[in-house]
Number of protein chains: 2
Amino acid sequence: MKLSNGVEWALHSCVTLSQSREPVPAARLAELHGTPPAYLAKHLQALSRAGIVHSTAGQVGGYELTRPAAQISVLEVVRAIDGGEPAYRCTEIRQRGPLALPAERCERPCAIARAMAAAEDAWADALRQVTIADLAARIDADSEGTAMAAVSRWLTAAR
Amino acid sequence: MKLSNGVEWALHSCVTLSQSREPVPAARLAELHGTPPAYLAKHLQALSRAGIVHSTAGQVGGYELTRPAAQISVLEVVRAIDGGEPAYRCTEIRQRGPLALPAERCERPCAIARAMAAAEDAWADALRQVTIADLAARIDADSEGTAMAAVSRWLTAAR
DNA sequence: ACAACTCCGACAAAAGATGTCCGAGTTGGA
DNA sequence: TCCAACTCGGACATCTTTTGTCGGAGTTGT
């Protein structure tokens with residue numbers, strides 16, 4: 001079970017975007033994070049499709065959050081990048097082989113699938129309760145209140 | 001984020017093994033579950049390396065559980081197949097780019113990594129509380145007490 | 001001692017993720 | 001009104017991971 005690497009870049013990008021009210025180009029975000037520019041842009045497109053960020057073209061274009069950072073959960077970002085499909089998907093083993101069950105007795109999911117789904121629900125709930133604003137606040141607290149100000153300063157100064 | 005397909009086969013195999021006190025060959029399990037025999041054997045080897053099952057060679061050989069099914073958690077099986085590495089692993093973005101933090105201020109994990117790790121802990125806790133015996137009992141309950149008996153009967157009869 | 005059965009690690013094929021490129025559209029200025 | 005520069009967006013290679021397969025080594029019962 002491996003999570004796409006772009007999830008990390010997307011989360012950092014959202015935290016960065018929460019510190020700027022002007023649109024930020026993808027190339028600027030890539031420079032700040034030290035990532036391949038074109039590939040980061042690909043993931044930002046996924047965020048745009050999910051309705052998390054809004055893209056404006058043109059000379060002063062770029063990406064910006066569609067909502068306040070406190071209303072964007074980490075789960076939303078992860079789902080946008082990684083896709084909403086569950087990590088464990090049942091192949092319905094019980095309907096194959098010499099002891100195959102008839103399809104009419106398989107309306108409820110398999111007990112194994114239920115257990116795996118419950119675990120994934122717990123994982124999703126944990127991510128749903130954390131917002132982008134929370135992440136920004138925690139990162140700021142880790143650096144004693146200097147990190148977010150530095151990001152905001154760099155975003156406007158580099159223009 | 002995708003979980004290996006072999007996890008499902010391994011869990012079903014463990015439930016099946018819990019119903020037999022004699023060793024069961026990998027080919028027999030593959031026939032029962034309708035899976036590629038050689039590939040299932042590969043995953044059973046992983047379970048053997050993790051100390052969950054014990055393999056005996058020879059004419060009447062096969063796989064059997066090393067412990068009572070009530071003492072084997074689902075998490076153990078998942079970890080044995082999928083590997084214990086966390087799904088989200090931090091690339092330390094904060095140490096790259098123009099606003100890179102010095103390494104000595106990065107002893108604690110990044111706030112984003114902490115949030116993701118907490119979610120994975122919740123996922124692992126959910127799977128740790130379910131045992132192979134629980135799965136067998138639930139599958140049996142779903143089929144009104146006929147499934148496990150049928151498995152046990154098929155395992156001995158097909159010999 | 002033999003023969004048959006088992007597991008086990010090394011070898012290909014397929015899929016997904018990663019990374020890159022150029023075109024379409026839009027905006028600001030002349 | 002036109003132009004030029006900048007932006008995003010989807011289509012195109014490259015690469016790692018997963019999936020799947022095979023024959024060999026070892027062990028057990030006859």
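Within every chain, numbering begins at 1; the chains are lettered A, B, ... in the order of the sequence lines, protein sequences first and strands thereafter.
For the side-chain hydrogen bond (donor to acceptor under 3.5 Å, both in side chains) test, no residue two or more places apart in sequence or in another chain qualifies with D82(B). Taking the salt bridge (charged side-chain N to carboxylate O under 4.0 Å, His left out) definition, one finds that E144(B) meets it with R105(A), sequence neighbours left out. Every side-chain hydrogen bond (donor to acceptor under 3.5 Å, both in side chains) that T131(B) has, sequence neighbours left out, goes to D134(B). With sequence neighbours excluded, the residues satisfying side chain to side chain contact (heavy atoms under 4.5 Å, CB included) with A87(A) are M1(A), E120(A), M1(B), L3(B). Under the salt bridge (charged side-chain N to carboxylate O under 4.0 Å, His left out) criterion, R21(B) pairs with no residue, sequence neighbours left out. R94(A) pairs by the salt bridge (charged side-chain N to carboxylate O under 4.0 Å, His left out) definition with E92(A), not counting sequence neighbours. Applying the side-chain hydrogen bond (donor to acceptor under 3.5 Å, both in side chains) criterion to R114(B), with sequence neighbours excluded, gives D142(A).
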- Mark up nucleotides 14-30 of chain D, 5' to 3', with B wherever a protein heavy atom is under 4.0 angstrom from a base atom, S wherever such an atom reaches only the sugar-phosphate, and - elsewhere. -----BBB-----BSS-
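For the helix from dA1(C)-dT30(D) to dA30(C)-dT1(D), the rotation axes defined at the first and last 5 base pairs enclose an angle of 10°, given to the nearest 10°.
The number of heavy atoms from other shown groups lying within 6.0 Å of CZ (R89(A)) does not exceed 12.
Across all strands, A27(A) comes closer than 4.0 Å to no nucleic acid atom at all (heavy-atom distances). Contacts of A41(B) with the nucleic acid, taken as non-hydrogen atoms under 4.0 Å apart, are absent.
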